[in-house]
Amino acid sequence: MTTAASDLRHARRVCFFAHYDRFGEVADHVLLYLDALAEAGFSVVVLSSATLDEAAQARLRGHCHTLVMRANEGLDFGGWGEAMRRFLPLEAEFLLLANDSVYAPVTSLSAFIDRLTAVPADVYGAIESREHAPHLQSWFLLLRPAVYTSATFRDFMAAPVDPALDKDAIILAREVGLTRTLDTAPFTRHAAYDLGFAGPIVRNRPINPTHLIWRYLIEQQKMPFIKVDLLRFDPVRVGSAARWRAIVEPRNPVLAEAIARDLRRFPPARAGSLRERLVWSVDRYPTYWPEMQDFVVRDHRLTGRPIAAAVNKAGYLLIETAGKVVRKSVRRLRRRTP
């Protein structure tokens, strides 16, 4: 057993942290997250599949317990599986699977973990999402020993990730698949945001909460995370994402500066021409249309106010129905157009 593995075996809390950077850099926001994890009591193993020079590797080593450089294969699950093979068995009270797909901590990470784990459970997540299927999003999964030492979990993580799968297919097979596998064990799970917080619109629709209700999660749920792709690319065109700084800076000005530096590495998200916007809307489920997002946000704010929530839902359904008619008509027109 190596010295690093021996030290890690007796750590109170352990985190396997998947890292990748397309530019071969170590961004400041990643180091802030690693430092916050250390402050929360975690010995962090960084599994980087980026092409890092010696200086970048040294910078990363200064903020973690162990750095493992690996081939860019299997995305996060490939890295976590490799860490399982290298570093188990452990004696930690918690094993955390995390990655660099979030900016953190917007608020106290330690306080967040304390609140999260105050609820008895075997598996903890930051977010339960209905996108694809109900599941815990894998960018923050906290596991008790009963889970990470189980044959069910070890066998799932040991299974190779099919290199032919694209990102969406890996999410279905591994992220959604892990929740399904652990549910059948059965292990109890708890999320800081789960469907119990959702109103009547969201409860039965496949949304990604970290995009559409990102402000609600930070302001009302005290979530210390904001998704990187929301600010870099705004994939579902959430108009409020452009006002991220007004939310983050009062809570963590150092992180706000690090986010601003990171965003300068990427071209700003482009709204596109009128035609592109229309085509995009037709190709997306109506929940994601920019015109629908206020209904979704209100859906959460009106939880516990059944009459107001019902009125909000009625307005949503009216627009959604009209949107489906438009969507169907445009698709029919497309098929007729040579």
Not counting sequence neighbours, which residues clear side-chain hydrogen bond (donor to acceptor under 3.5 Å, both in side chains) with [X]? List them please.
| X | answer |
| --- | --- |
| Glu249 | Arg245 |
| Tyr193 | His300 |
| Trp214 | Ser240 |
| Asp76 | Asn99 |

Inter-residue atom distance [X].[atom1] - [Y].[atom2], 0.5 Å rounding:
| X | Y | atom1 | atom2 | answer |
| --- | --- | --- | --- | --- |
| Phe140 | Ser101 | CZ | OG | 12.0 Å |
| Met223 | Glu219 | CE | CD | 13.0 Å |
| Ile218 | Lys222 | CD1 | NZ | 12.5 Å |
| Leu217 | Ile247 | CG | CD1 | 12.0 Å |
| Ile319 | Asp294 | CD1 | CG | 9.5 Å |
| Leu67 | Leu52 | CG | CG | 7.5 Å |

Keeping [X] on the side-chain end and [Y] on the backbone end, is there a donor-acceptor pair under 3.5 Å?
| X | Y | answer |
| --- | --- | --- |
| Thr179 | Leu136 | yes |
| Tyr148 | Ala92 | yes |
| Tyr124 | Val119 | yes |
| Trp244 | Leu231 | no |
| Gln137 | Ile127 | no |

**OP:** Kindly determine whether Arg12 and Glu93 satisfy salt bridge (Lys or Arg N to Asp or Glu O under 4.0 Å), including the steps that lead there.
**Re:** CA-CA 6 Å; Arg12 184 172 69 91; Glu93 63 171 347; 2.8 Å; yes
Original post:
In terms of heavy-atom contacts, does CZ of Arg305 have more than 12 from other residues, nucleotides or ligands at under 6.0 Å?
Top reply: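 12 or below, so no.
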Side-chain heavy atoms of [X] within contact of [Y], under 4.5 Å:
| X | Y | value |
| --- | --- | --- |
| Pro209 | Ser129 | yes |
| Trp139 | Phe225 | yes |
| Val102 | Ile226 | no |

**OP:** Quick one: list whatever passes salt bridge (Lys or Arg N to Asp or Glu O under 4.0 Å) with Glu91, sequence neighbours left out.
**Re:** Arg9
Taking side-chain contact (heavy atoms from CB on, under 4.5 Å) as the definition, give me every residue that meets it alongside [X], ordered by chain and number, with sequence neighbours left out.
| X | value |
| --- | --- |
| Arg85 | Glu82 |
| Thr107 | Pro224, Arg251 |
| Arg265 | Asp21, Phe23, Glu25, Ala27, Arg232, Asp262 |
| Leu32 | Val254, Leu255, Ala258 |

Are [Y] and [X] connected into the same hydrophobic cluster when the rule is that any two of I, L, V, M, F, W, Y join if their side-chain heavy atoms are below 4.5 Å apart?
| X | Y | result |
| --- | --- | --- |
| Leu302 | Leu212 | no |
| Val311 | Val296 | no |
| Tyr20 | Val228 | no |

Original post:
Using a distance-only test with no angle check, is there a side-chain donor-acceptor pair under 3.5 angstrom linking His135 and Glu128?
Top reply: no
Original post:
Do His19 and Ser48 have a side chain donor and acceptor closer than 3.5 Å?
Top reply: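 There is such a pair between these side chains.
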May I have the list of side-chain donor-acceptor pairs in residues 180-187 shorter than 3.5 Å, sequence neighbours left out?
residue: Thr181; atom: OG1; partner: Gly177; partner atom: O; Å: 2.8
residue: Asp183; atom: OD1; partner: Arg189; partner atom: NE; Å: 2.9
residue: Asp183; atom: OD2; partner: Arg189; partner atom: NE; Å: 3.2
residue: Asp183; atom: OD2; partner: Arg189; partner atom: NH2; Å: 3.1
residue: Thr184; atom: OG1; partner: Thr181; partner atom: O; Å: 2.7

Would you give me the side-chain donor-acceptor pairs under 3.5 Å for residues 150-157, sequence neighbours excluded?
residue: Ser150; atom: OG; partner: Val147; partner atom: O; Å: 2.6
residue: Ser150; atom: OG; partner: Phe153; partner atom: N; Å: 3.2
residue: Arg154; atom: NH1; partner: Thr149; partner atom: O; Å: 2.2

Original post:
Given the side-chain rings of Phe94 and Phe42, with only the six-membered ring counted for Trp, is the space between their centroids under 6.0 Å?
Top reply: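 Centroid separation for Phe94 and Phe42: 6.0 Å or greater.
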Subject >> Chi angles and distances behind the side chain to side chain donor-acceptor pair (under 3.5 Å) call for Asp7, His65 >> reply: CA-CA 9 Å; Asp7 291 346; His65 178 279; 4.6 Å; no
Original post:
Checking side chain to side chain donor-acceptor pair (under 3.5 Å) for the pair His211/Asp229: CA distance, chi angles, key distance, verdict?
Top reply: CA-CA 9 Å; His211 288 160; Asp229 65 346; 3.1 Å; yes
Original post:
Salt bridge between Arg59 and Asp53, side-chain N to carboxylate O under 4.0 Å?
Top reply: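 Looking at Asp53 together with Arg59, the answer is no, because their closest N to O distance does not fall below 4.0 Å.
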Subject >> All pairs passing side chain to side chain donor-acceptor pair (under 3.5 Å) where residues 111-122 contributes a residue, at least two apart >> reply: Asp122-Thr188
